[in-house]
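Numbers restart at 1 for each chain; the letters A, B, ... are given by sequence-line order, proteins then strands. Model, not experiment: these values are computed from the prediction.
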There are 2 protein chains.
Amino acid sequence: MHHGVAIGRVSEMSGVKVPTIRYYEQIGLLPPAPRTEGGRRTYGSGDLERITFIRHSRELGFEIDEIKTLLDLQDTPNRSCAEADSIARSHLAEVKKKISSLTALQNELERMVEGCAHGRVETCRVIESLADHGQCRYHGEL
Amino acid sequence: MHHGVAIGRVSEMSGVKVPTIRYYEQIGLLPPAPRTEGGRRTYGSGDLERITFIRHSRELGFEIDEIKTLLDLQDTPNRSCAEADSIARSHLAEVKKKISSLTALQNELERMVEGCAHGRVETCRVIESLADHGQCRYHGEL
DNA sequence: CTTGCTCCTCTAGTCGCTAGAGAAAGTAGG
DNA sequence: CCTACTTTCTCTAGCGACTAGAGGAGCAAG
């Protein structure tokens, strides 16, 4: 009978690297995979789904702890999804903050490189901007 | 005579925490500060400028290695600022990429929370979106 | 049977700090 | 001068989310 696929195959299919999958198992994000006689991990389609879920969540910038909660929710579907909603919402708020912060940063950097006359460092706008916080329009975080 | 101010004072003035300043010295981003008889670090106005430069650069998202290069440039002003310009430019490119990636992410998250009917997890749009990468419009990195 | 690939465990390193322990130095008040 | 308090010192270890490497074993094809 065929029990499942090897870790390398799951890695290919999910796009998550082999050591990362093992790491996820180690920190309890994945259940311990059943092993072959020789001691190798085997995975089924449920595992692939779970790993894909994790990957997608990571790509979207969720932290491991948040993903743990999300996975717990997924495992017990007969519950209100208010928690998942609130996690996503607060994450969205963070993303919005990050975007506005980065946009301000972008403007500042553009000002810097536009002002550079490509001469000596002495008169370089880039260096100057970095040295003098006062003239900077960017005062965000991140 | 007065040699300079203490680390706590510099920390206040620069907005960089005390252990972080010591850390910067440790990794060679700051020169070893001269010490008092009792062995405490003392700083002058040049140091304050340098630390402020570092802080500003970090706020703008430059990495320590980039800041090292930038500081080296600043120390030898009689040189072309092409390098500083190129660092800033490539950093700007990264920031732009990040912004567009995060904007796509924002849209995806908005789709997720808007679709949530606040019912059971079974039918939760948020969980569903995360489980199924196929229906996701977001395929960026970060 | 041998070659070459995948897989195993384990430890240590990455980045940019941050936290804590325990001791010594400096400062203000009595 | 003594005490109490604050600041600073060094040192080690921890964070998150991996990544890299050593050294060894399993396994499939020729």
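- Side-chain proximity of A:Ile64 to the nucleotides D:dC18, D:dT7, C:dC17 is greatest for D:dC18.
- Distance B:Lys68 NZ to C:dG16 P: 9 Å, rounded to the nearest Å.
- Rounded to whole Å, the distance from OH on B:Tyr23 to P on C:dA19 is 15 Å.
- Whole-Å rounding puts the B:Glu66 CD to C:dG16 P distance at 9 Å.
- Atom-to-atom, CZ of A:Phe62 to P of D:dA17 comes out at 13 Å; the value is rounded to the nearest Å.
- When the C1' atom of C:dC15 is taken as reference, atom CD1 of B:Ile27 falls 10 Å away, rounded to whole Å.
- A donor-acceptor pair under 3.5 Å links the side-chain atoms of A:Thr103 to the main chain of A:Ile99, judged by distance alone.
- The phosphate of C:dG16 (OP1 or OP2) has no side-chain N or O of B:Tyr24 nearer than 4.0 angstrom.
- Here the closest non-hydrogen pair linking B:Arg89 and A:Val113 is NH2-O, 3.7 Å.
- Across all non-hydrogen atoms, the minimal contact from B:Ile21 to B:Ser14 is CD1-OG, 4.5 Å.
- For B:Arg35, counting side-chain heavy atoms from C-beta on, the closest listed nucleotide (C:dG16, D:dA17, D:dC9) is D:dC9.
- Side-chain atoms of B:His91 come within 3.5 Å of backbone atoms of B:Leu60 as a donor-acceptor pair (strictly under, hydrogens ignored).
- Taking atom CD1 of B:Ile21 as the reference point, atom P of C:dG16 lies 17 Å away to the nearest angstrom.
- With a cut-off of 3.5 Å on both pairing distances, the Watson-Crick and G-U wobble pairs of DNA chain C assemble into stems of 3 or more at C:1-30 with D:1-30.
- B:Lys17 has a side-chain polar atom (N or O) that falls below the 4.0 Å cut-off from OP1 or OP2 of C:dT18.
- The shortest heavy-atom contact between B:Ala84 and A:Val126 is O-CG1, 4.1 Å.
- Atom CD in A:Glu25 sits about 8 Å away from atom P in C:dT9, given to the nearest Å.
- An OP1 or OP2 oxygen of D:dC9 is reached within less than 4.0 angstrom by a side-chain nitrogen or oxygen of B:Arg22.
- Closest contact between the side chain of A:Thr20 and the listed nucleotides C:dG16, D:dT19, C:dA25 involves D:dT19.
- Residue order along DNA chain D, read from the 5' end via each residue's closest nucleotide, puts B:Arg9 first among B:Arg9 and A:Glu37.
- Going from atom OG1 of A:Thr52 over to atom CD of A:Glu59 covers 10.0 Å, rounded to the nearest 0.5 Å.
- In this model, the phosphate group of D:dT10 is approached by a side-chain N or O of B:Arg41 to a distance below 4.0 Å at OP1 or OP2.
- Rounding to the nearest 0.5 angstrom, the gap separating the OG1 atom in A:Thr20 from the CG atom in A:Leu29 is 11.5 Å.
- One interatomic measurement links the two molecules: CD of A:Glu63 to C1' of D:dC18, which rounds to 14 Å at whole-angstrom precision.
- Comparing D:dC18, C:dC7, D:dC9 by their closest approach to the side chain of B:Arg40 singles out D:dC9.
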